[in-house]
Undergrad: 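One structure, as structure tokens, below. Some questions next.
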Number of protein chains: 4
Amino acid sequence: MTMKKTSNTEERILDAAIQVFGEKGYSAATTSEIAKRAKVAEGTIFRYFPKKKELLHGIVLKAIDIFGEKVVVKSLEETVEANKDKAFKEVLKAIVLDRVKIFEQHYAYMKVILYELQFHDDVRRLFIDKIAKQAIELVKKVVDIAKKNREIKDIESLIITRSMLGMVLMMLIQRQLMPSETSISNIEDEIDLMIDMLMDGIRNRD
Amino acid sequence: MTMKKTSNTEERILDAAIQVFGEKGYSAATTSEIAKRAKVAEGTIFRYFPKKKELLHGIVLKAIDIFGEKVVVKSLEETVEANKDKAFKEVLKAIVLDRVKIFEQHYAYMKVILYELQFHDDVRRLFIDKIAKQAIELVKKVVDIAKKNREIKDIESLIITRSMLGMVLMMLIQRQLMPSETSISNIEDEIDLMIDMLMDGIRNRD
Amino acid sequence: MTMKKTSNTEERILDAAIQVFGEKGYSAATTSEIAKRAKVAEGTIFRYFPKKKELLHGIVLKAIDIFGEKVVVKSLEETVEANKDKAFKEVLKAIVLDRVKIFEQHYAYMKVILYELQFHDDVRRLFIDKIAKQAIELVKKVVDIAKKNREIKDIESLIITRSMLGMVLMMLIQRQLMPSETSISNIEDEIDLMIDMLMDGIRNRD
Amino acid sequence: MTMKKTSNTEERILDAAIQVFGEKGYSAATTSEIAKRAKVAEGTIFRYFPKKKELLHGIVLKAIDIFGEKVVVKSLEETVEANKDKAFKEVLKAIVLDRVKIFEQHYAYMKVILYELQFHDDVRRLFIDKIAKQAIELVKKVVDIAKKNREIKDIESLIITRSMLGMVLMMLIQRQLMPSETSISNIEDEIDLMIDMLMDGIRNRD
DNA sequence: AATGAATGAGTCTTCATTCAT
DNA sequence: TATGAATGAAGACTCATTCAT
């Protein structure tokens, strides 16, 4: 059990930073606005994060915490365990739904990291190594089991995973960007539909 | 035949801006660096783009030109025409491959626009109205034909389109971000695989 | 008794601004020179006056303070009170002398405001409403009393006031612009002479 | 008879400059706006006036032409001549009225010069030597004659001249700045009143 | 620990001036 | 002669960072 004694001030600053970075992007965000939102003096930020960039690092580190072992792995294992007797399709559905919920919960983190990783090598490396690869590895395991069980075809797991991820992300983005165009209001139904698509394809077999 | 005599200075500036915006993001990019890359004096930029923000608008407008009627619509129609006797799968493959090529050619534009649209309402609106909606509309038409021909199931066209787009984008991103993880080096083969997946699903039917 | 603790930095900046505006005019003055004179970093100016124009407003506001109630009204009333038994001519002399002294003390303020009011609507409005009209109103009162006492003719008070003001201002300007031409070195004597002129005219009655 | 072959272009530029300087002040005026008003290319200005400052000099020189011998002296002499049998008061009235008309005709010139002379030594010197002193000298002559004729008291001519000038200028300024406060709409009547005041004073003699 | 005034390097932007056409 | 594109020095303004309290 780790002893986390993060002063409340530090946390407030980091929360404010996520907000502001999310709204304006890292570069356009100012330490002055972050300070205001965190309700601390501007100087106080630099007590905890001597450079602005360390705020970004702080966010990535926290995201790794959230999406890393603590949340992703654990709940993934739980989900797999809870669905172990069900068909792959059901497991997949449960996993995706879970992931979407986590993602929505920590939307701000993901937004910041996903957008900034293009510009900051360190962020990119951390994200790839500590989040992306791990997450993919995990889903791959589930897929691999299904493959061994001959429930699904012998397609590269990475491609299956990636495709599913792409479909889901695109749905989330569309819901953000063009909410009016969304015909299916319920996100669960939409996930259902997408997994059906992924499992059986769109070809008409009648 | 009209001789376009766009002083070429303007074009050089815009090209430099796309580069620099792509590398650092709009906000972190400086007009001074753009000037250096375009090999003009800093002041010259402001003769053509009185505000830094107009450089961004210039990019969006040019992208609309490229992805709008000139390229997307025309070549889409060509593609459809050239494949009119083939099965939907073949048409889809041709369309995606074409689109991916256009996208790779104008990667820098798309990167900038996709990143910045979240921070700039004007960019977002232009992108959605002039590029996204139009492109979706077009693909929808192709999908709708296939549906009427009963080649594919009666799934909402938007969802099919979006899913395909998500799969392809994710592939492109992965190739950019984690090129080492890519097992299939040939992009055509990978598109092939993805369309097979989309058409027939991943379920094992043996 | 409240202890005004206006950081004094603000005051130093404003003082420097008055100097520089006075010497070069608002538009030709640079924040960099103001900073140098105030012995602060250029950025510091903008903590107190976020726009250059607010320096001008600051000056006008301060001038309103000085020429407004605090100085003009109060000392005018004092002057009137101290001279209440004397003839109008004596009162007028006392008033003008007082005003000239105040004016000379705050010459820089007036110079800046009088020059800039033609270019800045806000400055003009403030000056007219808060300084000019009030001052004229006050002198009018004194003139009106003298009129009621039948000490002076029934000429529009505004015109009398304005004429006196014009004579005095012209004298001050001449002393500034062409000091060599000034035959009467003592300003009090010159005021004396002008008031005699105003009272009895220049016509020879011998 | 002087042969003035000032190209029409030069004149248009100078006219535009007077306008723009008058509206914004020398320093805030831009050569670009002057060019637009003169309907010439920006570069053309510098063919005639290699430095911006020379536009100001051009204006001063032109003003000297107008207010100098050509207009002021000549018409002054005419006025004196035409009124030689009349009382000093009538002559003065005629002179002032004439001067006011000239002034209003060339208001823009005067405005620019009077305002800029504080900031530009060369302008100040030219104005004082070529316009102010000459004009004062002339009026002095008239005043001196009246003095010798014992029509008016033995007050320093400079002071009389200056006072009259101050009164008139103040009237003109007031008409510009606070037109609503002007009770006497007719400028001639106002001049009349002021000269009466100057001649006989404001003291009640009944 | 926290503050917030002060800093100054760096940014966008303006504009007088030059020069090839 | 006249043009107007290009220049670059200089100006207003921003903001991460420092430091005395």
Side-chain angles (χ1 to χ4, degrees), chain A residues 7-10 12-13 26-36 38-55, chain B residues 7-10 12-13 26-36 38-55, chain C residues 7-10 12-13 26-36 38-55, chain D residues 7-10 12-13 26-36 38-55:
Chain A
S7 98
N8 173 260
T9 306
E10 185 174 346
R12 257 169 42 230
I13 292 171
Y26 170 78
S27 180
T30 67
T31 49
S32 140
E33 183 167 0
I34 293 169
K36 245 172 249 150
K39 288 186 206 302
V40 298
E42 203 167 351
T44 306
I45 290 181
F46 292 88
R47 187 158 268 292
Y48 294 90
F49 305 91
K51 302 267 155 200
K52 186 188 176 190
K53 193 128 199 224
E54 294 186 23
L55 283 167
Chain B
S7 83
N8 150 282
T9 303
E10 185 174 347
R12 255 165 48 226
I13 291 171
Y26 170 78
S27 181
T30 69
T31 50
S32 138
E33 181 166 2
I34 293 169
K36 247 169 247 153
K39 287 188 205 303
V40 297
E42 199 167 356
T44 304
I45 291 181
F46 293 90
R47 280 185 65 79
Y48 294 89
F49 305 91
K51 303 265 155 199
K52 186 188 174 189
K53 192 125 199 228
E54 292 186 25
L55 282 168
Chain C
S7 81
N8 148 280
T9 302
E10 183 173 349
R12 257 166 46 225
I13 292 170
Y26 170 79
S27 182
T30 68
T31 50
S32 136
E33 181 166 1
I34 293 170
K36 247 169 246 153
K39 287 189 206 302
V40 297
E42 200 168 354
T44 304
I45 291 180
F46 294 90
R47 281 186 65 78
Y48 294 90
F49 305 93
K51 304 263 156 203
K52 186 187 175 191
K53 193 128 200 229
E54 292 187 25
L55 283 167
Chain D
S7 96
N8 171 260
T9 306
E10 185 175 345
R12 257 168 41 230
I13 291 171
Y26 170 78
S27 180
T30 67
T31 50
S32 140
E33 181 165 2
I34 293 168
K36 245 170 250 152
K39 289 188 206 299
V40 297
E42 203 166 351
T44 308
I45 290 181
F46 292 88
R47 190 158 266 293
Y48 294 90
F49 306 92
K51 302 266 155 197
K52 185 187 176 190
K53 193 128 199 224
E54 293 185 23
L55 282 167

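All chains are named by letter (A, B, ...) in the order of the sequence lines, taking the proteins before the strands, and each is independently numbered beginning at 1.
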Undergrad: Just how far, in rounded Å, is P of E:dT14 from CD1 of B:Ile45?
TA: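 Roughly 13 Å, once rounded to whole Å.
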Undergrad: Could you write out DNA chain F as a dot-bracket string, with dots for unpaired bases, | for bases paired across to another strand, and Watson-Crick or G-U pairs counted at under 3.5 Å?
TA: .||||||||||||||||||||
Undergrad: Could you write nucleotides 16-21 of chain E as a row of B, S and -, 5' to 3', where a protein heavy atom under 4.0 Å of any base atom gives B, of only sugar-phosphate atoms gives S, and otherwise -?
TA: BBB---
Undergrad: Starting at atom CG of A:Asn8, determine the distance to atom P of E:dA2, rounded to an integer number of angstrom.
TA: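 Going from A:Asn8 (CG) to E:dA2 (P), I get 10 Å.
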Undergrad: Measure NZ/A:Lys36 against P/E:dT3 and give the value in whole Å, please.
TA: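 One finds 14 Å between P of E:dT3 and NZ of A:Lys36, rounded.
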Undergrad: Can you check whether B:Arg12's main-chain N or O pairs, donor with acceptor, with B:Lys39's side chain at less than 3.5 Å?
TA: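 No; judged by distance alone, with no hydrogens or angles, the pair does not exist.
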Undergrad: What integer distance in Å separates B:Ile34:CD1 from E:dT13:P?
TA: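 Atom CD1 in B:Ile34 sits about 11 Å away from atom P in E:dT13.
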Undergrad: Write down the distance between NZ (B:Lys39) and P (F:dA6), rounded to a whole number of angstrom.
TA: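 It works out to 16 Å between those atoms.
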Undergrad: May I have the distance from A:Ile13 (atom CD1) to F:dA16 (atom P), rounded to whole angstrom?
TA: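 Computing the A:Ile13:CD1 to F:dA16:P distance gives 14 Å.
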Undergrad: If the condition is side chain to side chain contact (heavy atoms under 4.5 Å, CB included), which residues does C:Lys53 pass it with, not counting sequence neighbours?
TA: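 C:Tyr26, C:His57, C:His120, C:Asp122.
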Undergrad: According to side chain to side chain donor-acceptor pair (under 3.5 Å), who are the partners of B:Ser27, at least two apart in sequence or on a separate chain?
TA: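 Once residues adjacent in sequence are excluded, the partners of B:Ser27 under the side chain to side chain donor-acceptor pair (under 3.5 Å) criterion are A:Ser27.
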Undergrad: Compile the donor-acceptor pairs under 3.5 Å between side chains in residues 40-47 of chain D and protein atoms, sequence neighbours left out, one pair per line.
TA:
{"residue": "D:Glu42", "atom": "OE2", "partner": "D:Thr31", "partner atom": "OG1", "Å": "3.0"}
{"residue": "D:Glu42", "atom": "OE2", "partner": "D:Ser32", "partner atom": "N", "Å": "3.4"}
{"residue": "D:Thr44", "atom": "OG1", "partner": "D:Ala41", "partner atom": "O", "Å": "3.4"}

Undergrad: Hey, is the side chain of D:Tyr48 poking within less than 4.0 Å of OP1 or OP2 on F:dA2, counting only N and O atoms?
TA: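 Yes, such a contact exists.
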Undergrad: Of the non-hydrogen atoms in A:Ile13 and A:Ile34, which two are nearest, and what is the gap between them?
TA: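 Smallest interatomic distance, heavy atoms only, reads O-CG2, 3.9 Å.
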Undergrad: Would you check, one step at a time, whether the test side chain to side chain contact (heavy atoms under 4.5 Å, CB included) holds for D:Phe49 with D:Glu10?
TA: CA-CA 9 Å; D:Phe49 306 92; D:Glu10 185 175 345; 3.8 Å; yes
Undergrad: Output yes when at least one side-chain N/O atom of B:Thr9 is less than 4.0 Å from OP1 or OP2 of F:dA6, else no.
TA: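 So the side-chain polar atoms of B:Thr9 do come within 4.0 Å of the phosphate oxygens OP1 or OP2 of F:dA6, strictly under.
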Undergrad: What is the distance, to the nearest angstrom, from the CG atom on B:Leu55 to the C1' atom on E:dT13?
TA: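 Checked: the CG to C1' distance equals 12 Å.
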